[in-house]
Structures are given as C-alpha cells and as structure tokens.
Amino acid sequence: MTESKAMILGCSGLALTSEETAFFRGERPWGFILFGRNISEASQIAELVAELRDSVGWHAPVLIDQEGGRVQRIRPPVLSRYPSGQALGDLYRRDPALGLRAAWAMSRLHAFDLSRLGIDVDCLPVLDVPVEGSSNVIGDRAYGGDPETVIAMGRAAAEGLKAGGLLPVMKHVPGHGRGFADSHLELPVVTVSRDELETHDFRPFVAMKDELMAMTCHVVFTAIDPDNPATTSRKVIDGVIREHIGFSGLLLSDDSSMNALSGTIGERAANIIAGGCDIVLHCNGKMDEMVDVVANVPPLAGASLARAKAVEAGFAAPDGADEAELRAEFEAMFAIV
C-alpha cells in the first residue's frame with residue numbers, strides 16, 4: 001500500500017461527493033474526522049464511515065469528538081446525551097470510587113455507541129486543568145481544577161474506551177487550561193513560569209504519557225517559546241511534549257482551520273509539520289482549504305510513520321461487558337435524556 005499522507009481530514013456533508021471521493025483516493029489522508037454537519041441518523045453515519053474508508057482503500061482511523069456535555073457530535077435521538085467532564089468530576093469529588101467508575105463506564109458506553117457506527121477513535125480525555133478566569137473554551141469540559149482529579153479521571157476515561165476496542169486521544173497537550181482566549185477565535189498567550197506549568201498544567205500529560213495519541217493546543221507559552229503556539233513550536237514539541245512529558249506517541253495538531261493560527265491554511269499546515277507534529281488535522285471539509293493542506297503535507301515517513309503504525313496495531317478486541325447492564329448502572333448515576 002502506498003503510504004498515507006500526514007493528515008486527518010473532514011468532509012462537507014452527510015455523504016461523500018464524487019469530488020471528495022476522488023480527492024481522498026488521490027491524496028491518501030491517514031484518517032478522517034466527523035463533525036455535526038456529517039451526522040443525521042445511525043445508518044447514514046455508518047455508510048459515510050464506510051465511504052471514507054473505501055475512498056482510501058484501507059481501514060483508516062475515523063475520529064470524532066464525543067466527550068459528553070456540550071462537545072458531543074452525535075446527539076439524541078441518534079445517541080444518548082451524556083454528562084460533561086465537570087459533572088463527572090463533581091461526582092468524583094463527592095465519591096472518588098463512584099466518580100472513577102462513572103468516567104470508565106461513560107467511555108465504555110461511548111465505545112459501544114461509536115463502534116457500531118464504524119468510528120474507532122474518540123478524542124477524549126480532556127486533560128486540561130483550568131484556572132480561575134480562563135476561557136470557557138475548556139470550562140465544563142474539564143474534570144476539575146486540580147491535576148490529581150484530572151489524572152485519575154482521565155485515566156479512567158481512556159481505559160473505558162480501550163476496553164471497548166476504541167483508542168483515545170489526549171487533549172490538548174501540553175495544556176489549554178490557562179488559555180484566557182478561545183483558540184477557535186484568537187491566540188491565547190500564557191505568561192506564567194515554566195515551573196508553574198510543570199507543577200500544574202503539564203502533569204496530567206506526564207501521568208498519561210504512554211497513550212498512543214495526543215492532540216496539541218494552539219496556545220503560546222511565553223516561558224518556553226514566546227513566538228509560536230505549541231502546535232507549531234519546535235521548542236514546545238521537542239523540549240516539553242517529547243522530552244519533559246515523555247510522550248512518544250502520534251502527535252496530532254488541533255484543527256488547523258482555527259483562528260489562533262496565523263497564515264494561510266497551506267502555511268499553517270507547513271508550520272505544523274515543521275514544528276514537529278506528526279499529523280495535520282483539518283476539520284471543516286472545505287475543499288479549497290484541503291487542497292492547500294495536501295500541497296504542504298508530506299507522506300508519513302520515519303518516526304511519524306512508526307508512530308502511526310503503532311496506533312494501527314494498537315486497537316484491541318473489546319472486553320465482554322454487557323451493554324444493557326452497564327447502561328443501567330450509569331443511568332443510576334446520571335439521568336441521561
């Protein structure tokens with residue numbers, strides 16, 4: 001098989017257009033990501049996932065952000081509505097054992113839900129640790145405001161996905177919790193010392209460094225690199241993510257179409273690769289932008305290819321959990337509408 005290119009792409013609607021099919025066949029993205037515009041009903045989602053894989057000729061990873069709370073791409077009536085990370089964290093603060101069980105169970109239910117549709121990667125857990133006054137872009141997506149809670153709950157959430165045969169993506173490394181701006185709209189700048197970052201923001205990622213995938217944050221850390229956000233910063237990716245945190249897995253950028261990044265879409269893609277990310281993520285499905293991305297993204301090779309192969313080999317058979325029993329247990333913890 002010809003090697004895939006170092007990118008994950010979206011598509012425009014509920015089914016592939018003939019132009020998209022031909023484009024993906026020719027340009028060979030390593031994977032795909034689904035958003036709300038791609039969601040109608042269960043059979044349609046499954047058919048779209050099959051179309052995406054057929055376009056590249058292999059079982060390419062298909063990702064989604066199915067966290068629960070306000071970041072849940074597939075909603076009722078297709079799938080149940082799930083609580084936010086903060087709601088899970090509130091339960092943990094009242095009863096740690098119950099909170100951990102809830103985090104694991106919700107991820108295991110996500111795995112039941114998504115695997116039926118052919119989706120095999122959930123961009124979860126959120127390991128960001130918000131501070132007072134930070135942007136609501138993380139907000140109630142976080143399990144709590146202290147690293148210990150985030151570590152415990154993040155581990156439980158990741159294990160639940162893996163128990164169901166899915167793989168998690170940690171986000172947003174090395175930490176979006178101090179962002180006082182929404183990186184979808186503008187570039188957050190964090191000015192605290194490196195020591196403070198290491199004792200607070202980076203710790204969940206250190207604790208979970210052995211996961212196979214992580215997604216960067218579009219945040220400037222002035223103590224490390226005042227000129228570039230983490231996503232395009234060789235200093236952050238090499239010096240913090242790879243060396244201090246010790247993450248050796250596949251590193252995805254956050255969405256390259258977010259306005260925290262500067263330059264054209266093509267320049268952003270080139271800067272993401274130059275900064276040390278393995279994969280450029282481009283989510284909005286706009287063909288003109290995807291054309292610019294592919295012109296600036298190389299085939300997967302070297303260490304990046306090895307990391308991608310480790311992901312491909314990292315999917316395990318699901319455990320023998322009983323979905324009905326687990327759902328009843330979870331519904332006793334939370335009222336799912």
Side-chain angles (χ1 to χ4, degrees), residues 1-11 16 20-34 49 51-64 118-123 166-173 209-216 218 230-234 236-238 241-243 245-257 261 265-285 287 289-316:
M1 184 186 78
T2 305
E3 292 301 347
S4 302
K5 288 188 178 175
M7 58 191 180
I8 292 170
L9 301 178
C11 60
L16 291 189
E20 287 171 335
T21 300
F23 179 75
F24 295 148
R25 182 172 294 122
E27 299 298 343
R28 309 182 318 280
W30 179 75
F32 299 96
I33 188 164
L34 301 183
V49 169
E51 285 183 322
L52 289 166
R53 289 191 171 121
D54 184 62
S55 74
V56 291
W58 70 289
H59 195 85
V62 176
L63 291 70
I64 199 166
I119 299 165
D120 52 8
V121 178
D122 193 358
C123 298
L166 269 69
L167 285 178
V169 178
M170 303 183 292
K171 56 190 188 188
H172 306 82
V173 66
K209 65 182 180 182
D210 293 329
E211 297 298 335
L212 291 174
M213 284 182 281
M215 180 185 294
T216 62
H218 300 331
T231 299
T232 60
S233 170
R234 181 64 70 172
V236 173
I237 290 174
D238 286 354
I241 296 174
R242 296 302 189 191
E243 293 177 18
I245 289 173
F247 175 69
S248 60
L250 191 71
L251 188 63
L252 322 181
S253 75
D254 203 347
D255 184 8
S256 56
S257 63
L261 299 182
I265 292 294
E267 289 167 345
R268 296 177 191 184
N271 291 338
I272 287 166
I273 295 296
C277 281
D278 297 307
I279 297 281
V280 174
L281 179 64
H282 184 271
C283 297
N284 66 23
M287 182 58 71
E289 292 189 11
M290 292 193 292
V291 168
D292 289 342
V293 169
V294 302
N296 290 276
V297 170
L300 279 165
S304 293
L305 176 59
R307 294 176 188 129
K309 294 296 185 187
V311 171
E312 294 164 26
F315 293 97

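Position 1 is the first residue of the sequence, and the numbers go up from there.
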About how many Å separate CG of D122 and CG of L166, when rounded to the nearest 0.5 Å?
-> 6.5 Å
Between F247 and K209 the two heavy atoms that sit nearest each other are CD1-O, 3.3 Å
Can you tell if the side chain of V297 reaches within under 4.5 Å of the side chain of E27, non-hydrogen atoms only?
-> no
Could you tell me the separation between the CG atom of L9 and the CG atom of N284, rounded to the nearest 0.5 Å?
-> 10.0 Å
Side chain to side chain, L300 and I279, heavy atoms closer than 4.5 Å = yes
Look up atom CG in L251 and atom CD1 in I241, then write down how far apart they are to the nearest 0.5 Å.
-> 5.0 Å
Sequence neighbours left out, what passes salt bridge (charged side-chain N to carboxylate O under 4.0 Å, His left out) with E289? Give chain and number order.
-> none
4.5 Å side-chain heavy-atom contact, K171 and C123 = yes
Can you find a heavy atom in the side chain of N296 that is under 4.5 Å from one in the side chain of I272?
-> no
Between A60 and G31, which heavy-atom pair has the shortest distance, and what is it?
-> CB-CA, 4.4 Å
All heavy atoms of V173 vs all of A214, minimum pair found to be CG1-CB, 4.0 Å
Hey, does L52 have a side-chain heavy atom less than 4.5 Å from the side chain of L34?
-> yes
Taking all atoms of both residues into account, what is the closest heavy-atom pair of C283 and L281, and its distance?
-> SG-CG, 3.6 Å
What heavy-atom pair brings A230 and V236 nearest, and what distance separates the two atoms?
-> CB-CG1, 3.6 Å
Minimum heavy-atom distance S256-V280, with the two atoms named | OG-CG1, 4.0 Å
CE on M170 to CE on M213, rounded to 0.5 Å = 10.0 Å
Enter the distance from L261:CG to T231:OG1 here, rounded to the nearest 0.5 Å.
-> 6.0 Å
Taking the side chain as every heavy atom from C-beta outward, state whether H59 and F315 have any atom pair closer than 4.5 Å.
-> no
Can you find a heavy atom in the side chain of W30 that is under 4.5 Å from one in the side chain of M7?
-> no
Test item: T216 side-chain N/O and D254 main-chain N/O as donor-acceptor pair under 3.5 Å = yes
Check whether any side-chain N or O of R53 sits under 3.5 Å from a backbone N or O of G118 as a donor-acceptor pair, and report yes or no.
-> yes
Side chain proximity check, S257 to H282, heavy atoms < 4.5 angstrom | yes
Among all residues two or more places apart in sequence or in another chain, which pass the salt bridge (charged side-chain N to carboxylate O under 4.0 Å, His left out) test with E211?
-> K162
Hey, can you tell me if F32 and F24 have their rings parallel, tilted or perpendicular (30° and 60° cut-offs)?
-> perpendicular
Pairs involving residues 290-307, ordered by first then second residue, that meet salt bridge (charged side-chain N to carboxylate O under 4.0 Å, His left out) (sequence neighbours left out) = D278-R307
Would you say H218's side chain and D255's backbone share a donor-acceptor pair under 3.5 angstrom?
-> yes
Supply the atom-to-atom distance I273 CD1 to T232 OG1, rounded to the nearest 0.5 angstrom.
-> 12.0 Å
